[in-house]
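Each remark here refers to the structure printed beneath this line.
So that the names make sense, note that chain A is the first sequence line, chain B the second, and so on, each numbered from 1. For clarity, every value in this text was computed on a predicted model and none was experimentally measured.
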Amino acid sequence: MIDIQFIRDNKDLVKEKSEQKGYQVDVDRIINLDDQIRSKIPAMEEVLKQRNQLASQFSNSTPSQEQIEQGRSLKDQASSMETELSELKKQLNVILLGVPNMPLSMVPLGLSEDDNQVIKKIEPNQLNFEAKNHWELAEEDSLIDKTRATKVAGSRFVYLKGGLVRLQFAIINWVMDKLTDEEFIKQLIAENNLSISSKPFVPVLPPGIVNTSSYHATTRLDAEEVTYKLADDDMWMNASAEHSLCNMYQNEILPEKQLPIRYLGYATSYRREAGSYGKDTEGIIRLHQFDKLEMEVFSSPETGLEEHKLMVAIEEYFVNALNLPYQLLEKCTADIGKPNAKGMDIEVWFPGQKKYRETHSADYMTDYQARSLKTRYRKSDNTTELVHTNDATVFAFSRILAAIMENYQNEEGEILVPDVLKNYLGGMEKI
RNA sequence: GGAGAGGUGGCCGAGUGGUUGAAGGCGCUGCUCUCGAAAAGCAGUAUAUCGGAAACGGUAUCGAGGGUUCGAAUCCCUCCCUCUCCGCCA
């Protein structure tokens with residue numbers, strides 16, 4: 001959620017920046033409602049004060065009939081004022097939740113994802129044979145069995161098998177090794193001229209199902225078209241580890257020295273993919289279920305942007321280490337998503353499909369999520385401030401497995417093991 | 001799923017209708033004492049919001065929401081959560 005005070009102070013800016021993201025915001029309505037609320041509060045508090053004063057007289061005596069009547073009427077006044085107020089607050093809240101986070105000034109303007117800016121592009125090597133799609137490479141049912149998964153669960157589910165599964169676990173272990181190594185983090189920070197803590201990431205296996213309020217707290221992926229809701233319980237299945245990581249510290253005030261908090265979450269994500277009928281029906285690019293290694297960071301406002309840059313650097317490190325051709329995109333205002341102030345995507349080259357496809361995304365939410373979650377930290381001067389949150393993919397599984405399959409295929413249709421992973425696969429050469 | 005107990009400040013814990021925003025202890029901060037430390041003593045130590053330059057003051061908050069009452073941490077209702085026993089289970 002955005003700061004109401006910020007809206008009051010920057011009416012035109014809020015309107016303009018929201019429009020840049022494709023949101024129409026009725027700023028005047030917001031200010032009007034807020035004015036009404038502000039003007040009604042002192043009057044109500046005055047009535048409450050009188051009520052408290054009256055009541056406190058009778059610690060050792062009994063009130064007269066007249067005083068009882070007076071107290072009763074004060075109570076009625078207060079409660080009708082309160083009803084009115086809470087109605088206004090409810091209205092304001094609904095509108096306020098619709099206001100997106102403000103994009104940082106460095107975010108390029110745009111109307112759709114087509115306006116995302118390519119920051120860096122690594123061209124793929126020319127192959128001297130016709131590259132296959134990953135589902136063609138999966139030959140028969142040895143690596144991917146979709147037919148039987150469809151029989152058992154439905155479309156967009158798969159049985160992943162054999163070498164692909166070993167590959168996934170190898171990657172998990174490799175990532176765990178790197179991101180929990182302080183020296184590695186320190187080195188990346190130095191290479192990217194950042195000046196933030198070298199604290200390593202803490203691996204987390206978060207809950208896979210969250211309650212409704214936590215589910216809405218991400219303000220991303222919190223729509224019924226995206227997420228599965230359990231029929232008999234007030235619970236939602238994670239569409240991303242973010243659903244259960246970003247809200248860990250809701251209603252908490254963290255000691256400053258605890259920041260930054262860096263988590264490496266591993267979770268299975270479930271998505272309904274309603275509205276994407278017919279898209280990517282082949283292969284394992286778009287499934288209802290996939291595993292994901294994800295970073296979630298809570299930091300001070302001062303370091304939030306550098307944390308974002310670190311996470312992008314981490315993403316690039318891993319993609320580079322796998323030798324995957326990719327392009328790095330600065331997402332434009334229309335594509336960064338409601339809670340984001342800035343966002344970057346990585347698209348990896350899929351030679352079988354002859355295009356770059358989104359595999360990673362890094363999102364910087366500033367204090368937008370923290371405000372509704374009331375996640376704060378206590379500063380050295382004893383005041384509290386909202387934390388900044390960052391969220392980024394390390395690897396989204398089925399998709400990165402598909403990318404490796406297509407990029408590591410040879411003319412014989414075999415899939416070779418990337419060098420960095422050989423140690424994690426007991427020297428295995430082919431998948 | 002069945003039966004029972006309980007949710008109070010950073011932590012422990014008192015408090016069953018009236019100066020209780022909350023005793024007491026621990027922790028933490030400052031001061032005194034000390035060469036220094038410990039111990040001891042003294043003082044301070046929740047959050048949000050409004051007013052105020054500040055001092056300070058108002059309001060709200062004792063799991064959440066609603067109700068009873070002149071007055072609620074204390075009584076009633078609903079929900080959430082935790083714990084114990086039984087059942088089930090990796």
- Message: For a salt bridge (charged side-chain N to carboxylate O under 4.0 Å, His left out) check, start with the C-alpha distance between Arg286(A) and Glu273(A), then their side-chain angles and the critical distance, and finish with the verdict.
- Response: CA-CA 8 Å; Arg286(A) 192 179 298 276; Glu273(A) 294 293 347; 3.4 Å; yes
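- The backbone N or O of Ile284(A) lies less than 3.5 Å from a partner atom in the side chain of His134(A), making a donor-acceptor pair.
- A salt bridge links Lys342(A) to Glu330(A): one of the charged nitrogens lies within less than 4.0 Å of a carboxylate oxygen.
- Of the P atoms belonging to A54(B) and A40(B), the separation is 39 Å, rounded to the nearest Å.
- Within 4.0 Å of Thr384(A), counting heavy atoms only, lie sugar-phosphate atoms of the nucleic acid but no base atom.
- Comparing Gln70(A) and Arg38(A) against RNA chain B, the residue whose closest nucleotide sits nearer the 5' end is Arg38(A).
- Remark: U49(B) base-pairs with G58(B). Criterion, Watson-Crick or G-U wobble with two distances under 3.5 Å.
- Using Watson-Crick or G-U wobble geometry with both donor-acceptor distances under 3.5 Å, U69(B) finds no partner in any strand shown.
- Among the atoms of the strands shown, none is found under 4.0 Å from any heavy atom of Ile41(A).
- For Arg262(A) and Glu296(A), the salt-bridge test fails: no basic side-chain N is under 4.0 Å from an acidic carboxylate O.
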- Message: Please determine whether ring-ring contact (aromatic ring centres under 6.0 Å, His included) holds for the pair Phe290(A) and Tyr270(A), giving the CA-CA distance in whole Å, both sets of side-chain angles, and the decisive distance to 0.1 Å.
- Response: CA-CA 7 Å; Phe290(A) 59 97; Tyr270(A) 297 90; 8.7 Å; no
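- Ring centroids of Tyr364(A) and His388(A) are separated by less than 6.0 Å, placing the two rings close together.
- U45(B) and G24(B) have their C1' atoms separated by 16 Å, with the value rounded to a whole Å.
- The gap from the P atom of U82(B) to that of C77(B) amounts to 22 Å, rounded to the nearest Å.
- Side-chain atoms of Arg272(A) never come within 3.5 Å of backbone atoms of His288(A) as a donor-acceptor pair (strictly under, hydrogens ignored).
- Comparing G27(B) with U34(B), their C1' atoms are spaced 23 Å from each other, to the whole Å.
- Both distances falling under 3.5 Å, in either a Watson-Crick or a G-U wobble arrangement, place U84(B) opposite A3(B).
- One C1' atom belongs to U16(B), the other to A90(B), and the distance between them is 45 Å to the nearest Å.
- The partner of A43(B) is U29(B), by the rule that a Watson-Crick or G-U pair needs both atom distances under 3.5 Å.
- Remark: G36(B) base-pairs with no nucleotide in the shown strands. Criterion, Watson-Crick or G-U wobble with two distances under 3.5 Å.
- Mapping heavy-atom proximity under 4.0 Å, the span of RNA chain B touched by chain A runs 5' to 3' from G18(B) to G71(B).
- For Asn238(A), the side-chain hydrogen bond (donor to acceptor under 3.5 Å, both in side chains) partners are Ser244(A), not counting sequence neighbours.
- Counting non-hydrogen atoms under 4.0 angstrom, Asn52(A) reaches the backbone sugars and phosphates but no base.
- A distance of about 13 Å separates the C1' atoms of G71(B) and U19(B), rounded to the whole Å.
- Using P as the reference atom, C56(B) and A22(B) are 15 Å apart when rounded to the nearest Å.
- G58(B) sits 40 Å from A5(B) when the C1' atoms are compared, rounded to a whole Å.
- Between Ser56(A) and Lys49(A), the residue anchored nearer the 5' end of RNA chain B, judged by the nucleotide with its closest heavy atom, is Ser56(A).
- Under the Watson-Crick and G-U wobble criteria, each requiring two contacts below 3.5 Å, nucleotide U78(B) is paired to A64(B).
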